[in-house]
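Input: a single structure, listed below in structure tokens.
Residue indices begin at 1 and follow the sequence shown.
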Amino acid sequence: MLLSIKTKLKLNKSQSTVMSKHAGIARFTYNWGLATWSSLYKDGLKPNKYLLKKFFNNHVKPEFTWIKEAEICQKITQYAFDNLGDAFAKFFSKKGGYPRFKKKGHHDSFTIDASGKPIPVGGTSIKLPTIGWIKTHEGLPHTTCKSITISRTAEIELAKHHAKIANLRKDTLHQITTYLCKNHATIVVEDLNVCGMLKNHKLAVW
């Protein structure tokens, strides 16, 4: 049985910078692959993730020294092409739309592994390949995993989510009060002594 564990990481400033670099390289690789795939496809060719991955590693990556200097897990680019391949597979099977370019700050993520070796997980910290020890907000069960995906939830996406909930709550209350006013001539509001009612066994029914 395959299981997944989701948790929140505690990152200091330097660790946040490293994570951003990793996500940036994953995004660059995915977008390069998407642009190249689209161009080849328009020319009547049938590219695939393996062809693009091989060309990228042999001819594109060496031209960008900032990728090599970042000291990242080399599997990041591999997983980026895997994700692109999955996106096109969904598109061709009519289970999804045409893949879109990734934008900075929108669902930033990357996947790493330990070159086939199991990654130990457990406690309130985890050692990520090539990154090092990272603290977590909660204790994790002691187990191992094959790969780890790091994603960032932007604070603005959270803000919109909370605003949506608040607006939904206001709209619901407005509908209820409107219904009561239209269908009842008199509305009485009573303050109940809940604590006292709970102490009265005749009133407190469970």
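Lys61 contributes atom NZ, which lies 9.0 Å from atom CD1 of Ile25 (distance to the nearest 0.5 angstrom). Between Ile134 atom CD1 and Ile126 atom CD1 the span is 9.0 Å, to the nearest 0.5 Å. With rounding to the nearest 0.5 Å, the separation of NZ in Lys54 from NZ in Lys49 is 16.0 Å.
Counting non-hydrogen atoms of other residues, nucleotides and ligands closer than 6.0 Å to CD of Glu63 gives a total of 12 or fewer. Dense packing is recorded around CZ of Phe92, with more than 12 heavy atoms of other residues, nucleotides or ligands lying under 6.0 Å away.
A donor-acceptor distance shorter than 3.5 angstrom exists from the side chain of Gln15 to the backbone of Trp133, with no hydrogens or angles considered. One N or O on the side chain of Ser93 and one on the backbone of Lys90 form a donor-acceptor pair closer than 3.5 Å. A distance-only check finds no donor-acceptor pair linking the side chain of Ser39 to the backbone of Ala35 [under 3.5 Å].
Between Leu45 and Tyr41 the shortest side-chain heavy-atom distance does not fall below 4.5 Å. Looking only at side-chain heavy atoms (C-beta outward), Asp82 and Lys53 come within less than 4.5 Å of each other. For the pair Leu128/Ile112, a side-chain contact is recorded, criterion being any heavy-atom separation below 4.5 Å from C-beta on. Contact of the Thr143 side chain with the Ile5 side chain is registered, since non-hydrogen atoms from C-beta on lie closer than 4.5 Å. For the pair Lys75/Ser115, a side-chain contact is recorded, criterion being any heavy-atom separation below 4.5 Å from C-beta on. Using a 4.5 Å heavy-atom threshold, the side chains of Thr29 and Ile76 count as separate. In this structure the side chain of Thr7 reaches within 4.5 angstrom of the side chain of Leu140, judged on heavy atoms.
Checking Phe88, Trp32, Phe91, Phe55 one by one against Trp37, the ring-ring contact (aromatic ring centres under 6.0 Å, His included) holds for a single residue, Phe88.
Leu52 is connected to Phe101 through a chain of hydrophobic side-chain contacts under 4.5 Å among Ile, Leu, Val, Met, Phe, Trp and Tyr, so both are in one cluster. The cluster map of Ile, Leu, Val, Met, Phe, Trp and Tyr, joined by side-chain heavy atoms under 4.5 Å apart, puts Ile150 and Ile119 in the same cluster. Hydrophobic clustering, with ILVMFWY side chains joined whenever heavy atoms are under 4.5 angstrom apart, groups Leu11 together with Val121. A continuous path of hydrophobic side-chain contacts links Leu9 to Ile148 [ILVMFWY only; heavy atoms under 4.5 Å]. Residues Tyr79 and Met19 are members of separate hydrophobic clusters, defined by side-chain heavy-atom contacts under 4.5 angstrom among Ile, Leu, Val, Met, Phe, Trp and Tyr.
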### Phe81 and Phe56: CA distance, side-chain angles, deciding distance, ring pair (Phe, Tyr, Trp, His ring centres under 6.0 Å) verdict
CA-CA 10 Å; Phe81 283 114; Phe56 182 86; 5.4 Å; yes
#### Entry: Trace of the side chain to side chain donor-acceptor pair (under 3.5 Å) decision for Ser147 with Thr111
CA-CA 7 Å; Ser147 62; Thr111 302; over 6 Å; no
### Query
Under the side-chain contact (heavy atoms from CB on, under 4.5 Å) criterion, do Lys135 and Thr124 qualify, and how do the steps go?
CA-CA 6 Å; Lys135 293 183 178 180; Thr124 56; over 6 Å; no
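Residue Pro99 comes nearest to Tyr30 through the heavy atom pair CB-OH, 3.9 Å, listed as atom of the first residue, atom of the second, then distance. Ser20 approaches Arg152 most closely through the heavy-atom pair OG-NH1, 4.5 Å. The two residues Arg27 and Lys103 have their closest heavy-atom pair at CD-C, 3.7 Å.
The pair Asp108-Lys102 does not meet the salt-bridge criterion, since no charged nitrogen lies less than 4.0 angstrom from a carboxylate oxygen. Under a 4.0 Å N-O distance rule, the pair Asp113/Lys146 does not qualify as a salt bridge.
Side-chain atoms of Tyr98 and Ser38 form a donor-acceptor pair, as typed in the model, at a separation below 3.5 Å.
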